[in-house]
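Let me begin by presenting the structure, written as C-alpha cells, before commenting on it.
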Amino acid sequence: MNIVVCVKQVPAKDAPLAIPEGAAWIRETDIGFELNEPDGYALEEALRLKEKHGGEVVAVSMGPERSKQAIKEALAKGAERGVHISDDKFYELDPLGSARCLAAAIKREKFDLVLTGLQSDDHGFGQTGVLLAELLGLPHATIIMQIDAADGRLKLKRELEAGWFQWVELPLPAVLSIQSGINKPRYATLKGIMAAKKKEIATLTRAELGVTVSPTQRIERIYVPKKTKKTEILTGTAKEAAAKLVEKLKHEARVL
Amino acid sequence: MAVQRETLEADVLIVGGGPAGLACALHLASLIRKHNESGAKPELSAENIYLLEKGREIGANQLSGAVMDPRGLRELVPDFEKTAPLDTPVTDDAAWFFTSSRAWKFPITPPPLRNHGNYVISLSKLTKWLGGLVEKTGVNLFTGFAGSDLILEDGRVCGVITDDKGLDKNGKPKSNYTPGYELRAKVTVLAEGPRGSLTKQLVSRLKLDGLNPQVYSIGVKELWEAPEGRIAPGFVAHTMGWPVPASMYGGGWLYGMQANRVSVGLVIGLEYADPLFDPHEAFQKYKTHPFIRRVLEGGKLVRYGAKTIPAGGWYSMPRPYTDGALIIGDSGSFLDAQKLKGIHMAIKSGMLAAETILDALVKNDASAKMLAAFQERVNASWAKKQLWAVRNFHQGFAHGLVPGLVHAAFQQITGGRGLVDPMRTRAGYEAYAHLDGRKPPAERFKGDGKLTFDRLTDVYHSGTRHDDDEPCHLLVSDTNICIGRCTTEFGNPCQYFCPAAVYEMVDECGERKLKINAANCVHCKTCDIADPYQIITWVPPEGGGGPNYEGM
C-alpha cells in the first residue's frame, strides 16, 4: 500500500510569539518550529499500515526551506521519500490554496491512500484534508480512530461526540484525516536519522505544479485577545457575602 | 532486566552541542578534510563523528548573557562576521555600583570588564548557526539524544549509552519504548557544559579532580522587549552591589540588543552562607532598581532561563584527558572567572581537542598518553594564559566583596599570583551556616506580574517541557535527610536555590515530604551542586526535554 502523508511544520508550542503592529501573521524570526502534532499521528499510522501491508510512505510538506525539517523527521522515523513544495509565502494561502498545491503534487504520485492530521496547530482550519479529497476526487472520512485495510477496502472507526463511534467503509484510494491520539508515535532512532540523510527529498514550486491561486479568504489581523475576566473577592461573613453575591448576580452579571 | 541495546560504532563521539562540542566537531571535520586531501592515510570521514545534544534542537538548552569575545570564533570560522548571528557590537561599556536606590558609575571601567571589540549575542542563536555549519560537513548531529551513562571498561572510556525513550514515571516501558543505544567510540569528548552528569561520573571514578574542587555561580536571566528608545543596542552595563549582600559574590548585567530586546540577569556565587537565600528572588528585586526599572518598565518579558557557571578557573580544572576521553568547555573549567566569559574558551578548547583527536585517529591510539597532548596544547595556548592570569580570582571572594576586589587588584599587578598561590577553596555547599532556630519566610516572593514575577511565571517563560509520564530525573538518594536533618539544620535550601520551583516540601496527610516537580526543571544543575548533603543527582531526562532558550 503506497501512502502519502501530509506533514506541516508549525511554530513550536512554547515559542514566544511576537505580532508586529497591525500584522496578519506572527513574526517568524526568533522562534522555533516543529512537526504539527496531529500530523505526527497520521505519520505513525502511515508507517504502521506500510509495515503491515508493504509499499512505501511518502511525506509531503509545503513551506519555506525550514519546513524540510518536518520531512526529515518523517524520513528518520521510516518514510521512504519526501516531497517539498517550496513556498516562502505559503502562509498567505487559504485552505483551498494549500489543498490545490498539495493535490497537484500528490497527483504525480502513485498512491493508494492519503493521510493528513486533523488540523494544524497554527491556523487550525481543519479543512485542508477535506478539500484535498474533493480536489483529488476521492472518498474521504475524518476523525479516524482505527483503520482496517483489506481487499482494496477500508473499514474505519470514526470518533463522534459523547463517547460514540461510527464504523464506515470506503474503497481505496481514499483520503483520511486522522484523529490525534489514535496511536502512540514512535521515536526517531539514531539509525533512522542516519538513514534519512541518504533519502530523497524532491523539491517542487507552485509554478512547476502549475497552480495559480487567488485566495478566497484572507486574515485581516491577528492579535492577542484582551483580558476581560475580572475576579472580585467578596468579604464579610458568609451571610453578608452571599447577599452581596446575589446583588451582583442580579444587577451586574444579570443572570438572576 | 537486561536491556537489549543496539550498538553503533563511531570514531569520535561528542556529548553536548554547545560552543565547545560544536567547535570540536566543526574543526575536526575540517582537519579530516585537509588530511584526506593531502592523500595521507588512513582515510578518515567526518561521518564517523557523532554528536549528541539532549535539547530538542541545537541551541534549545543554550543560555548565556552573553557578551562574546570573538577570539575563539575568529579562529574557528575566520569570516564569521559575514554570516554569524552576532546581534550587535558592544558600543557603550561601563561598570556600575548599586546601592538600593542609586547607581554609581566607575570612573574608569576596570580592565576585566572592558568589552570593546566584543559582541552582544544570543548563545542559542549562535549555536544554532554553528550547528548548521557542522551538519554541512557530514558530521552526524543527533538532537534530542542525551548521554545517559558512560561505557567504562578497565578504566578506559569506550563511549556512552544514550537515553532510554518511552519509559513511564515508574520506569516501565510504554508502547513506544525505545532503549538507548550503546554508542562506542575511539574517542569520547565530554562537552556537557557546567556540572556535566557524565563528567561528574568520570572525574570521580577515575579521580581526575583538579587541585581545587569546582565551584559554581548561578546566573538567572530574562530577555525583555523594552519600549522603544529606552536602551541602545550595544549598551553594556555590569553592576556590583545591591541587592547582593557584601558578604557574597555576585553581580548583575544589562545589555541592549537589536529590536529593543534587553538581556538582564544576575549572577550569584553558589558558596553563600544563608541557606534560605533565593537567587531568583534576588534577581527579581534587582530589576526594581531605578537603573534597570527605567529600561524595562512598560516592556514585556520574552524569555526566562537559569544556568550555572563554573567559576573555579585553572586550579579547579579536572585532568582533561584519560584513556579514550577528553573533557572540554565548561565541563573542563574553560571559563575566565574574572570576566565570566567562557564561549571563546569553550570554542578554543574544542579546537585544541580536535587537533589532538586527529593525531589520535591517524595513529589509531587514543590512550591517555596520546591524548595528554591536549593538555600540552592547552598549556601552549592563549586560553591557558588567560586562565592563569586569573587563577586565584574567584577564591579571593570567599570572605566577601571587598576582600575579593582588593585581592583582584593585587592579582592584576602580580600576573594572577595574588597573595597566596595557589589559593585553595572548598566546595560551595560547605559554606552553608546552620539556621540555629531561624524560621524560613512565611511567604514566597510573588512579584507584581509586570516587572517582577514569581518562579512559576518565569518557568513558563523558559519554555521548558518534559513528558509528564517519564521517570524523575532528579535522584535523591535519601529523602529521610530532607525531612529530618536538612529541615532543622538548613530549612531545605533546595526550595530556595532552585530557580525553577522544582523542589517543594509539602504536608500530605500530616506527613512532611519532599515533592519534586521535575517537569519544571530548566537543566541549570544548581541542585546537584548546592545541595548541602550532596544527595541530589541530576541525570538527563528523556532527550528532547528541557528549556527552549530561543533568542536567549
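Predicted, not measured: the structure shown is a model, and the values here were computed from it. Here is how names work: the chains are called A, B, and so on, in the same order as the sequence lines, proteins then strands, and each is numbered from 1.
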Quick one: what part of [X] sits under 4.5 Å from any heavy atom of chain A, side chain, backbone, both or neither?
X: B/Tyr460; value: neither
X: B/Leu223; value: neither
X: B/Glu542; value: side chain
X: B/Thr162; value: side chain

Going through the distances and angles, do A/Glu34 and B/Arg465 end up as a salt bridge (Lys or Arg N to Asp or Glu O under 4.0 Å)? CA-CA 14 Å; A/Glu34 62 190 10; B/Arg465 197 201 290 173; 3.2 Å; yes
Between [atom1] of [X] and [atom2] of [Y], what distance do you get to the nearest 0.5 Å?
X: B/Leu141; Y: A/Lys197; atom1: CG; atom2: NZ; answer: 7.5 Å
X: B/Asn140; Y: A/Leu190; atom1: CG; atom2: CG; answer: 9.0 Å
X: B/Phe142; Y: A/Thr189; atom1: CZ; atom2: OG1; answer: 9.0 Å

Flag if over 12 foreign heavy atoms under 6.0 Å of [atom1], [X]:
X: B/Lys172; atom1: NZ; value: no
X: B/Lys136; atom1: NZ; value: no
X: A/Trp167; atom1: CH2; value: yes
X: B/Lys174; atom1: NZ; value: yes

For the pair B/Asn176 (side chain) and A/Pro185 (backbone), establish whether a donor and an acceptor sit closer than 3.5 Å, ignoring hydrogens and angles. yes
Can a donor-acceptor pair be found, under 3.5 Å and without considering hydrogens, that links the side chain of A/Tyr187 to the backbone of B/Gly166? yes
Toward chain B, the part of A/Lys191 with a non-hydrogen atom under 4.5 Å: both
Which atoms of A/Ala188 come close to chain B, meaning under 4.5 Å heavy atom to heavy atom: side chain ones, backbone ones, both, or neither? backbone
Tell me which of these, A/Arg186, A/Gln69, A/Met194, has more heavy-atom pairs under 4.5 Å with chain B than the rest. A/Met194
Is any side-chain N of the basic residue among B/Glu57 and A/Lys72 closer than 4.0 Å to the acidic one's carboxylate O? no
